[in-house]
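Note: hydrogens, waters and symmetry copies are ignored here, and every other heavy atom, side chains too, is used.
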Amino acid sequence: MKQIFIAIVSALFLLFLSNFSYADKLTGYVKAINETDKDTYPLIGATVFWENTSIAATTDVTGRFEIERSELSDILVIAFIGYETDTIQ
């Protein structure tokens, strides 16, 4: 009986740890549109962050980003020098 209890407690502990070891993340791509020919291209180095938080990410060479979700904000801000800042709610 003691071994079953230890196994159940261990399983619950591992389940508890797994909820904190993998943060819920949001992934996406940031692309710009060329107004002349309507082609899209990735914005390399754009900043993606949750409004009014310090949670931020930067896009890679393909425009891809991965950012932790925030319980404090549901507004995602995308900023890049020379471009208009955009928000997604």
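Closest approach of R64 to Y29, counting heavy atoms only: CB-CE2, 3.5 Å. Considering all non-hydrogen atoms of both residues, G63 and P42 come closest at N-CB, 3.6 Å. In terms of heavy atoms, A46 sits closest to T59 at N-OG1, 2.8 Å. Minimum heavy-atom separation, W50 to D74: CZ3-C, 3.9 Å. Minimum interatomic distance between V77 and T85 (heavy atoms only, all atoms of both residues): CG1-CG2, 3.5 Å. What you find for S73 and T53 is that their closest heavy atoms are CB-CG2, 4.1 Å.
Note that CD of E66 is 6.5 Å distant from OG1 of T27, once rounded to the nearest 0.5 Å. To the nearest 0.5 Å, the span separating OG1 on T87 from CD on E51 amounts to 7.0 Å. Atoms CD1 and NZ, from I33 and K38 in turn, are 7.5 Å apart once rounded to the nearest 0.5 Å. If you take OG1 on T62 and NZ on K31, they are separated by 8.0 Å, rounding to the nearest 0.5 Å. To the nearest 0.5 Å, the span separating CD1 on I88 from CG on L26 amounts to 8.5 Å.
A ring pair (Phe, Tyr, Trp, His ring centres under 6.0 Å) check over residues 52-89, counting only residues at least two apart or in different chains, returns the pairs F80-Y83.
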Take V48 and L76, measure what side chain to side chain contact (heavy atoms under 4.5 Å, CB included) needs, and give me the verdict at the end. CA-CA 7 Å; V48 180; L76 194 64; 3.7 Å; yes

One pair to check against side chain to side chain contact (heavy atoms under 4.5 Å, CB included): I55 and S70. What are the steps and the verdict? CA-CA 8 Å; I55 303 171; S70 172; 3.8 Å; yes

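F49 is not connected to L43 by any chain of hydrophobic side-chain contacts under 4.5 Å among Ile, Leu, Val, Met, Phe, Trp and Tyr, and they are in different clusters.
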